[in-house]
Amino acid sequence: MSIAYDPETVEKNAREYWETSRCFEVVEDKNKEKFYCLTMFPYPSGKLHMGHVRVFTINDVIARYQRMQGRHVLQPMGWDAFGMPAENAAIQRSVPPAQWTYSNIDDMRAQLKRLGYAYDWTREITTCRPEYYRWEQWLFVTLFKKGLVYRKNAIVNWDPVDQTVLANEQVIDGRGWRSDALVERREIPQWFMKITAYADELLDGLDHMPGWPDSVKIMQRNWIGRSEGLELSFEVQDEDEPLTVFTTRPDTLFGVTYMAVAAEHPLAEKAAADNADIATFIEACKKMGAAEATLETIEKKGMPLGISALHPISGEQVPVWVANFVLMSYGTGAVMGVPGHDERDWQFAKKHGLPIVQVIAPSDGSDIEIDAAAFLDKGVLINSGDFNGLDFDAAVDAITKFFEASGRGSWTINYRLRDWGVSRQRYWGTPIPIIYCDDCDAVPVPVDQLPVVLPEEVEFTGHGSPLKDMPEFINVACPQCGKDAKRETDTFDTFVESSWYYARYTGPDNEQAMLDERAAYWLPVDQYTGGIEHAILHLLYARFFHKVLRDEGLIDTNEPFTNLLTQGMVLKDGGKMSKAKGNTVDPQGLIDKFGADTVRLFMMFAAPPEQALEWSDAGVQGSFRFLKRFWNTVGEHADGGPVVELELDSLTDTQKNLRRKTHQTIAKISDDIGRRYTFNTAIAAAMELLNAVNRFDDESDTGRAVVHEALEAVVLMLSPVVPHACHALWSVLGHATPIIDMAWPKVDEQALVRDVIEIVVQVNGKLRGRISVPIDADNDAVSAQALADPNVQRFVGKNEVLRTIVVPGRLVNIVV
RNA sequence: GCCGGGGUGGCGGAACUGGUAGACGCGCCGGACUCAAAAUCCGGUUCUGGAAACAGAGUGAGAGUUCGAUUCUCUCUCCCGGCACCA
């Protein structure tokens, strides 16, 4: 008599086997085909949440499936350990961020082990450890020397009450989240990495990444935003510095009726000096977020500065305005306004009574009313002096030539992508390895003095970085001249750590170099899985770093991630699970109650990975019930003792049918997991086969052998999803070799052969009958049989058959 | 506002290349077992009409292409992700 399914024991046994056999620890082996299978590593926020369980389970299924395909699989795990929540916890609970983080890591590691993921734990990475971050300090210094790192002013959110810099997330409706004070824009010097130097390569690479979803590639392409256009200058009356602007529509140049500059622009500041209204307006502009979403949705406001720019061709005067939607740090801090042919400019001109001039007419000669709406199409130039009558191409060509000849403009390539600001005014991050000396300016910390270690024992107040109160950290001798100097107290954006961790997993123990020859064996990552919310920033920064590391000679490939799978969120009651809503479901409780396999199964069954997953407690019950049924079916079969060898020639039709179902299912699941990543349909197919086995009532020797084949297939194919149960069931089926060392089952093409198939018959596209036809019947025979069907005849009747469409093997459509 | 994705039974979802809409599971209804309940097993379950056979309607809304549209095109609408300092 078989024993009842007890996940607690079953899972403990499997875990112990994996641990003692160390079967997931891998070393480089040139004779084996490697498969590097990675998820985006978690931020150690406390406990695992459902989103973690989902992404890790998806990746674990792929890793275990690939292992069964014979690949040498590396699946590592680590911790994206620097970040803001640790600082918040420190303020709330008076625990240093380091202590909080390490304790969370210990808890979450234990949870991951309980879930049975096939990780090589010998490669674990923790980014807040100096042995990790020292190498990104080294890289920063190296890039500094190469000129790929520079310092410039950039905007931050300043909380005037808490006297601290806020993250965008901490600004709620323009106010500080703790102080409720109106947040101000403030410019401070910050460090930047020149990602724009790689803009073209990052863009072109997207064309050679078939393993990435189109949606992600399109988003990145739009983000980089390469455009070609004319860069030109407007002289400003009584000023030495011209206003430089970029336009992709030089053909509309004669339609410029105003210029707009940012509040921080020198022209605006100058005008504010002797005009109180302008000064007030500029102050108001600065009390506004810098986020693109804000700029694009706010009410567009502006004020004339009382100065004029000179149109570079006509010489006419156009007024210069200051506007709240122009930012100094993006581009040149100035834009030209062409209200006749740009939607936003049109709105702005309408509102402020600025003239709207039509300079483009429709190509078909029709009339338009420029006062009613902007005309955005390309057309023929009018009101454009010598350029009247030219079409778009000719006009762009002629106007560009005019500027290039006069030296006041040139055809250039422009990117929406901006350089990556990596400075953060926070404590819990990698110290930026820079020393400021009064004589030598910013000096990188010499490589032999790295790492600059972040002190972990700190008092945390929440008012700025504790590093600023630590003279022992700040005061240092200038590496160049030896004079007293001061350390940078800013730390890196945490995206810096996550931009190269995937490479460090290949050699996490190397104390002499960032990366070594092991990177060449494992990279690139074959399968990368993570949230769609990282489609742009993280994935673009990682691609950038990969190219930088390549140019440093540390790796020899162009792209970090060959195949990308972006999984959807886990929802509850149609919305995001969040602590604020109080609708979180703790995976631990479910693991304790049902076991890890039930949780894994539900996660994979409830939705395809790319879609949002709606959480359902009842669905978890269903998964548990299925596992019990699965367990009992295999157990009851095994109770009948060993089975005989299958004699394929002597099968009955029913036996043949079950066998066909077995091999159809192998084909289906192999495709679902291997190609489509639709684990939900793979599990559904396994359930179907198991249902067929349960309906199959044949205790003969051959019957039991057919069942045995089906059950072996199901156990093997479900083992990536529910590995603990399948580890046990494989031995129940009489095998000495552990299932973790088994290969994926193979399809017997002979078993799939059938001689009669069912065809659907439609009349005028509506389903009216089904017929059985020989597999090799020709189209004429099939349509004749379809027409003969009694129900089909009812609808065809005396009507004339106009057309008959036969889709071989599928359907017949009779058009009357 | 801009970029990307999504909307299918009471619920999660399936339908892969334009060809049977609703696989599989949940829930619900009925039955078996039980003194009873739980668990388990069997059957039914898109809606409307019908005892049934079957018929009509039906994939966010509206139009279009097609012999045939959940699938392709256009317009609209609602929801989700991203917008450079949440990770």
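Throughout, protein chains are lettered first and strands after them, A, B, ... in sequence-line order, and every chain is numbered starting at 1.
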- Message: Whether the A:T430 and A:E136 side chains hold a donor-acceptor pair (N or O, under 3.5 Å, no angle test) is what I'd like checked.
- Response: yes
- Do the ring planes of A:W420 and A:Y541 sit parallel (below 30°), tilted (30 to 60°) or perpendicular (above 60°)? parallel
- Message: Angle between ring planes, A:H538 versus A:Y501, binned at 30° and 60°: parallel, tilted or perpendicular?
- Response: tilted
- Query: Would A:K766 count as a cation-pi partner of A:F795, with NZ or CZ less than 6.0 Å from the six-membered ring centre and within 45° of the ring normal?
  - Reply: no
- Message: I want to check a possible cation-pi pair here: A:R416 against A:W223, using under 6.0 Å from ring centre and within 45° of the ring axis as the test.
- Response: yes
- Message: I'd like to know if A:E184 and A:K286 make a salt bridge, using a cut-off of under 4.0 Å between side-chain N and carboxylate O.
- Response: no
- Message: Regarding A:D493 and A:R424, does a basic nitrogen lie under 4.0 Å from an acidic carboxylate oxygen?
- Response: yes
With distance as the sole criterion, do the side chain of [X] and the base of [N] form a donor-acceptor contact below 3.5 Å?
X: A:R629; N: B:rU40; answer: no
X: A:N168; N: B:rC85; answer: no
X: A:Q425; N: B:rC85; answer: yes
X: A:Q190; N: B:rC85; answer: yes

Whole-Å [atom1] distance, [N] and [M]:
N: B:rG4; M: B:rC72; atom1: P; value: 16 Å
N: B:rG19; M: B:rG68; atom1: C1'; value: 7 Å
N: B:rC47; M: B:rG22; atom1: P; value: 13 Å
N: B:rC26; M: B:rC76; atom1: C1'; value: 34 Å
N: B:rU70; M: B:rA61; atom1: C1'; value: 15 Å
N: B:rG25; M: B:rU45; atom1: P; value: 14 Å
N: B:rG49; M: B:rC11; atom1: C1'; value: 26 Å
N: B:rA14; M: B:rG60; atom1: P; value: 14 Å

- Note on the structure: B:rG44 glycosidic conformation (syn if within 90° of 0, otherwise anti) is anti
Residue matched to [N] through Watson-Crick or wobble contacts both under 3.5 angstrom:
N: B:rA51; answer: none
N: B:rG1; answer: B:rC83
N: B:rG12; answer: B:rC24
N: B:rU40; answer: B:rA32
N: B:rA57; answer: B:rU46

If only side-chain N and O atoms of [X] are considered, is one of them under 4.0 Å from the OP1 or OP2 phosphate oxygen of [N]?
X: A:S616; N: B:rC11; value: no
X: A:R676; N: B:rA15; value: yes
X: A:R625; N: B:rG27; value: yes
X: A:N680; N: B:rA14; value: yes
X: A:Q611; N: B:rA14; value: yes
X: A:N791; N: B:rA55; value: yes
X: A:R810; N: B:rG19; value: no
X: A:K766; N: B:rG68; value: no
X: A:R768; N: B:rA55; value: yes

- Message: Would you say the rings of A:F605 and A:F679 are close, in the sense that their centroids are separated by under 6.0 Å?
- Response: no
- Query: Rounded to whole angstroms, how far apart are CZ on A:R54 and C1' on B:rG81?
  - Reply: 14 Å
- Message: Using modelled atom types and a 3.5 Å cut-off, is there a donor and acceptor pairing between side-chain atoms of A:T678 and backbone atoms of A:N680?
- Response: no
- Message: Nearest to the side chain of A:A684, heavy atoms from C-beta on, is which of B:rC85, B:rA55, B:rC24?
- Response: B:rC24
- Within residues 686-696 of chain A, those residues having any heavy atom closer than 4.0 Å to RNA chain B are A:M687, A:E688, A:N691
